[in-house]
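Read through the structure below, which is laid out as structure tokens, and then see the notes.
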Amino acid sequence: MNHDELRENIPAYVLGVLDAGEDAALRQHLAECSDCARELATFAEIPDALNAAVPAATLPAGFNTLLLERAIPIRALPHPTPVRARTRSVPTRLPWVVAAASLVLALGLAGWNWQLNNALDRQERELAQRRSTVAGVVDLLGRPGVIVRDVGVSEDGTRTRLYLSLEGDVAMVVFDAMPPPPQGRVYQLWLGDGGETESVATFTPNTSGHWFRLLKPAGGVRAYESVGVSVEPEGGSPKPTTRWAIWAGL
Amino acid sequence: MDSVQDEELAARVGRGDEAGLGLLYDRYARVVYSLALKMVRNQQIAEELTQEVFVRVWQQASTYSREKGRFSNWLFGIAHHLAIDELRRRKARPQQVYDNPDAPSSLLDVTDNAPGPDEQAFGGIRREYIIEALAQLPVPQREVLEMSYFGGLTQSEIADQQGEPLGTIKTRTRLGLQRLRTNLSAQGVQSDTL
């Protein structure tokens with residue numbers, strides 16, 4: 001595009017309605033053309049004026065809680081406080097009963113320490129996994145032009161949203177208001193490609209009916225056509241055995 | 001004064017200060033929601049967009065700096081961008097049933113005494129000054145501005161809808177912006193007071 005064509009797009013840029021390609025081209029031009037940059041600056045107050053002209057609406061009840069549930073956990077993951085097991089020295093001149101009791105106590109402490117270390121290891125592994133997931137989520141949501149798709153509400157009341165990167169390499173699926181699966185069953189998430197399905201994970205939503213999963217398949221999500229959820233026996237199934245509880249195109 | 005406070009709060013949020021996010025939320029949630037509702041005309045989607053805006057503030061506040069302009073500009077830029085994305089996705093989907101399809105299509109269709117968004121969020125500027133500046137625009141110019149900014153329509157789409165040449169729509173948009181700027185100035189609304 002030449003200078004005049006780019007300059008012609010400044011009003012649409014001010015109003016935020018250029019497509020991604022035009023927007024990028026004009027941004028680059030603005031960095032190089034002081035005349036166009038000056039013209040853009042003359043319209044600086046327009047978007048805020050239009051925002052200020054919008055009649056005020058009333059926020060729905062419970063709105064704050066919903067926000068904090070979503071926003072805070074993303075960056076405020078708790079850090080575990082390391083627990084150190086204490087060591088004790090046993091006096092050498094004790095009656096054998098006391099010594100035996102001390103030995104039992106020491107063995108008990110050792111066992112407790114072993115269990116504690118195992119629990120800590122497990123906690124650290126889970127935390128590392130959560131951190132990795134959160135880093136992936138932050139990376140996805142922080143990318144320019146990430147596509148947020150509200151899939152809608154399925155028959156069981158589950159609300160499904162998809163977050164898709166423009167690059168098509170990563171996506172996130174979010175379920176809300178999802179009922180718990182029937183007794184002895186779990187939900188299973190699948191990626192679909194034509195007639196083929198590939199299991200992603202089995203899961204049970206939390207007590208609020210919320211669950212999400214970052215999708216980063218090796219070939220990118222662009223290699224798949226859909227994402228679906230079926231209800232399966234605990235442990236999951238090699239292939240979906242029930243009709244889709246949730247299905248969405250990618 | 002408020003913009004300085006906003007920037008300080010944004011810096012605190014960038015350092016992970018939840019209380020700072022709460023204060024920004026108290027100040028801006030209502031106006032962001034109002035803008036989202038005006039654009040997407042669906043309460044549930046407007047709620048989700050508003051939440052998404054503040055999730056992004058939480059995540060991206062550390063990337064905001066005074067050099068990028070006022071915090072409110074940055075915030076509403078995020079909100080407008082997300083709402084435009086939603087409107088464009090809708091175009092690619094079958095028509096949905098919206099909550100309030102009969103909602104006023106123009107800002108001027110709202111009664112004069114309708115409350116404006118929280119004035120604190122806009123430097124104390126009263127909504128009626130802006131409405132007056134808009135009302136003084138020729139109707140075709142005001143329509144293209146509202147269809148673009150609130151409807152998310154490209155200039156080509158507006159040309160198609162109105163059966164006008166694209167060049168005419170582009171000219172109307174530019175003239176509309178220029179005249180609105182002049183009208184705002186006459187109402188005492190300058191960029192540094194918004």
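These numbers come from the heavy atoms of this one structure, side chains and all, not from hydrogens, waters or symmetry mates. Chain letters run A, B, ... following the sequence lines, proteins first, then strands; residues in each count from 1. This structure is a prediction, so every number in the text was calculated from the model and none was measured.
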* Look at B:Arg56, B:Gln155, B:His81 and state which one has the largest set of heavy-atom pairs under 4.5 Å with chain A. => B:Arg56

Assess whether atom [atom1] of [X] is packed by more than 12 heavy atoms of other residues, nucleotides or ligands within 6.0 Å.
X	atom1	result
A:Glu32	CD	yes
A:Gln28	CD	no
A:Glu167	CD	yes

* Can you name the nearest heavy-atom pair linking B:Ser34 to A:Ala56, along with the distance? ->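 Heavy atoms of B:Ser34 and A:Ala56 come nearest at OG-CA, 3.5 Å.
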
* Which atom of B:Ser148 lies closest to which atom of A:Val17, heavy atoms considered -> O-CG1, 3.1 Å

* If you tally heavy-atom pairs under 4.5 Å against chain B, which of A:Asn9, A:Thr42, A:Val146, A:Ile10 wins? -> A:Thr42

Just verifying a value: how many Å separate [X] [atom1] and [Y] [atom2], rounded to the nearest 0.5 Å?
X	Y	atom1	atom2	answer
B:Asn73	A:Asn51	CG	CG	8.5 Å
B:Phe150	A:Leu15	CZ	CG	9.5 Å
A:Asp150	B:Arg89	CG	CZ	8.5 Å

* To do: Show your reasoning for whether side chain to side chain contact (heavy atoms under 4.5 Å, CB included) applies to A:Arg7 and B:Arg174.
  => CA-CA 11 Å; A:Arg7 183 172 176 273; B:Arg174 180 178 291 277; 4.0 Å; yes

Do [X] and [Y] come close enough that some side-chain heavy atom pair is under 4.5 Å?
X	Y	answer
A:Val14	B:Leu177	yes
B:Leu184	A:Ile46	yes
B:Ser72	A:Asp48	yes
B:Val31	A:Val54	no
B:Ile130	A:Leu50	no
A:Pro47	B:Tyr149	yes

* Give the intermediate values and the outcome of side chain to side chain contact (heavy atoms under 4.5 Å, CB included) for residues B:Asp85 and A:Val148. => CA-CA 8 Å; B:Asp85 279 352; A:Val148 186; over 6 Å; no

* Where the side chain of B:Arg30 meets the backbone of A:Ala57, is there a donor-acceptor pair that is under 3.5 Å apart? ->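 Yes, because the side chain of B:Arg30 sits within donor-acceptor range (under 3.5 Å) of the backbone of A:Ala57.
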
* To do: Answer with side chain, backbone, both or neither: which region of B:Leu153 has an atom nearer than 4.5 Å to a non-hydrogen atom of chain A?
  =>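 Just the backbone, heavy atoms under 4.5 Å.
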
* Residue part contacting chain A, namely of B:Glu157, when any heavy atom lies under 4.5 Å ->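 For B:Glu157, there is no contact with chain A at all, as no heavy atom is under 4.5 Å.
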
* **Sidechain N-carboxylate O distance under 4.0 Å for A:Asp19, B:Arg88** =>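 B:Arg88 and A:Asp19: not salt-bridged.
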
* With the threshold set at 4.0 Å, does a side-chain nitrogen-carboxylate oxygen contact exist between B:Glu48 and A:Arg159? ->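 The answer is yes: the pair qualifies as a salt bridge.
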
* Name the region of A:Leu18, side chain, backbone, both or neither, that has any atom closer than 4.5 Å to a heavy atom of chain B. =>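 Backbone of A:Leu18 only, per the 4.5 Å heavy-atom cut-off to chain B.
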
